[in-house]
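The structure displayed is predicted, hence computed values, not measured ones.
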Protein chains: 2
Amino acid sequence: MNVPASGHRPVDERRAQLLDAALAVLREHGLAGLTTRAVTTRAGVPHGIFHYAFGSKAALVRALVERELTGATAAWDAAVATDDLETALRRALRAQLDIVRADPAHQAAMYELIRAARDDSDVSTVAWERRQYLAEIERQLGGWSQRGGVTWTAPVEHVAALVLSAADGVIQAWVADHDDERADASVDLLARAIASLARPA
Amino acid sequence: MNVPASGHRPVDERRAQLLDAALAVLREHGLAGLTTRAVTTRAGVPHGIFHYAFGSKAALVRALVERELTGATAAWDAAVATDDLETALRRALRAQLDIVRADPAHQAAMYELIRAARDDSDVSTVAWERRQYLAEIERQLGGWSQRGGVTWTAPVEHVAALVLSAADGVIQAWVADHDDERADASVDLLARAIASLARPA
DNA sequence: GTCTATAGCATGATAGAC
DNA sequence: GTCTATCATGCTATAGAC
């Protein structure tokens with residue numbers, strides 16, 4: 001069924017192979033282990049292919065950032081219509097945490113990718129993705145408060161920024177210590193604390 | 001005044017020189033730039049000194065983690081006695097943020113150091129330091145609530161964990177985008193939200 | 001247009017000189 | 001006990017073969 005991976009293949013196919021292999025290497029060995037040789041070995045292609053396909057290692061990293069970060073729309077819509085504000089928030093936060101718990105290596109890889117991208121001053125994609133997140137959270141916060149008949153006592157833009165930052169912090173704490181109990185407690189408390197920033201309209 | 005840095009010097013002095021140089025290199029060029037040669041060049045000593053003094057690069061990193069992280073007691077006591085709970089929290093959080101703002105390179109260096117230490121499975125010092133932070137925050141939270149005549153509606157241990165995680169998140173968001181306004185707003189809101197977790201005793 | 005062979009350099013580490 | 005000369009390896013990148 002599969003066409004053989006070896007032999008002369010078009011460069012686009014090589015690029016895809018190498019991007020797949022690069023993600024696998026990044027997950028398993030981290031950014032320090034992401035060398036051109038590790039990638040080509042993993043992909044099962046000769047080393048020279050690398051620079052033919054991408055020209056430089058930095059270009060590979062750029063392409064990987066673009067492919068992995070774009071369209072990674074968050075699961076901030078896990079809440080259901082009947083939930084009150086605090087419950088909706090808790091469900092959304094828990095959903096974010098669960099995504100990371102289900103595949104910690106992926107999250108770690110993304111953190112390192114983002115860091116690498118920033119060093120490469122290819123900030124655009126990363127910044128754009130973060131704005132998407134913020135806009136989505138802002139949208140959800142507006143919807144939940146409206147449905148619950150409450151109103152935010154601070155600009156919803158500021159609330160959204162805090163939610164994103166705090167959620168990131170809780171998730172990173174879990175990544176650091178893998179303490180499920182503490183992470184769950186933090187999510188519950190955070191939902192309560194944020195919900196307290198809304199008052200009856 | 002200064003004894004010359006060159007010539008035969010005791011190994012302890014060499015170790016100190018190399019640790020100083022390693023921190024400088026880490027701040028300026030990041031973990032990827034922290035090579036044995038960069039360190040010895042920076043310290044102005046021959047390259048071979050490195051392995052005589054530390055035996056391996058990993059040992060240098062271990063020693064650096066120990067030296068930099070130990071005793072980095074947080075400025076969680078920036079609040080004054082007359083403050084109410086929310087004000088005390090806001091002052092403490094702002095103080096943390098200001099420390100990072102005053103020297104972002106140092107914070108970035110510490111993040112990378114901690115990550116390197118974790119990869120080296122030398123988790124002990126990092127975990128110990130985080131426990132110190134948590135204990136200190138817990139102590140302060142207890143003091144503030146007591147002085148304000150309020151009581152926490154959740155285990156103070158959980159509140160402390162959330163405060164630490166959320167503060168980390170806000171600080172890292174600032175490191176990522178350097179948006180002062182947003183960071184200030186997040187700190188203010190976070191203080192308000194956390195303070196709402198306390199009720200009159 | 002696709003790939004191979006090789007260059008050129010930086011790295012972490014060591015054997016042994018002083 | 002302190003330091004120097006050298007090693008073996010792994011890295012990115014390129015010139016040119018097919």
Between [N] ([atom2]) and [X] ([atom1]): distance, integer Å:
| X | N | atom1 | atom2 | result |
| --- | --- | --- | --- | --- |
| B/Phe50 | D/dC3 | CZ | P | 15 Å |
| B/Arg15 | D/dG1 | CZ | C1' | 12 Å |
| B/Ile49 | D/dC3 | CD1 | C1' | 5 Å |

In terms of side-chain geometry, is the basic nitrogen of A/Glu66 or A/Arg62 positioned less than 4.0 Å from the acidic oxygen of its partner?
->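 Salt bridge absent between A/Glu66 and A/Arg62.
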
Sidechain N-carboxylate O distance under 4.0 Å for A/Glu112, A/Arg115 | no

What side chain to side chain donor-acceptor pair (under 3.5 Å) pairs are there with at least one residue in residues 41-51 of chain A, not counting sequence neighbours?
->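 The answer is A/Glu28-A/Arg42, A/Thr36-A/His47.
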
Return yes if some donor-acceptor pair links the side-chain N/O of [X] with the main-chain N/O of [Y] below 3.5 Å, else return no.
| X | Y | result |
| --- | --- | --- |
| B/Arg27 | B/Ala109 | no |
| B/Arg199 | B/Ser196 | yes |
| A/Trp152 | A/Leu141 | yes |

Would you say the side chain of B/His47 and the base of C/dA13 hold a donor-acceptor pair, judged only by whether the two atoms sit under 3.5 Å apart?
->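 Under the 3.5 Å cut-off, the side chain and the base do form a donor-acceptor pair.
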
Contact under 4.0 Å: B/His8 side-chain N or O vs D/dC3 OP1/OP2 = no

Given D/dC3, is OP1 or OP2 found less than 4.0 Å from the side-chain N or O atoms of B/Arg14?
->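 The answer is yes; a side-chain N or O of B/Arg14 sits under 4.0 Å from OP1 or OP2.
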
Hey, which of these two, A/Gly48 or B/Tyr52, hits DNA chain D nearer its 5' end, going by closest nucleotide?
->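 Its nearest nucleotide lies further toward 5', so the answer is B/Tyr52.
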
By a strict heavy-atom criterion of less than 4.0 Å, which residues belonging to residues 27-42 of chain A are in contact with DNA chain D?
-> A/Thr35, A/Thr36, A/Arg37

Out of C/dT2, D/dT2, C/dA13, minimum distance to the side chain of B/Pro10 belongs to D/dT2

Considering only D/dT4, C/dG12, D/dA13, which nucleotide approaches the side chain of B/His51 most closely?
->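 Among the listed nucleotides, the one closest to the side chain of B/His51 is C/dG12.
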
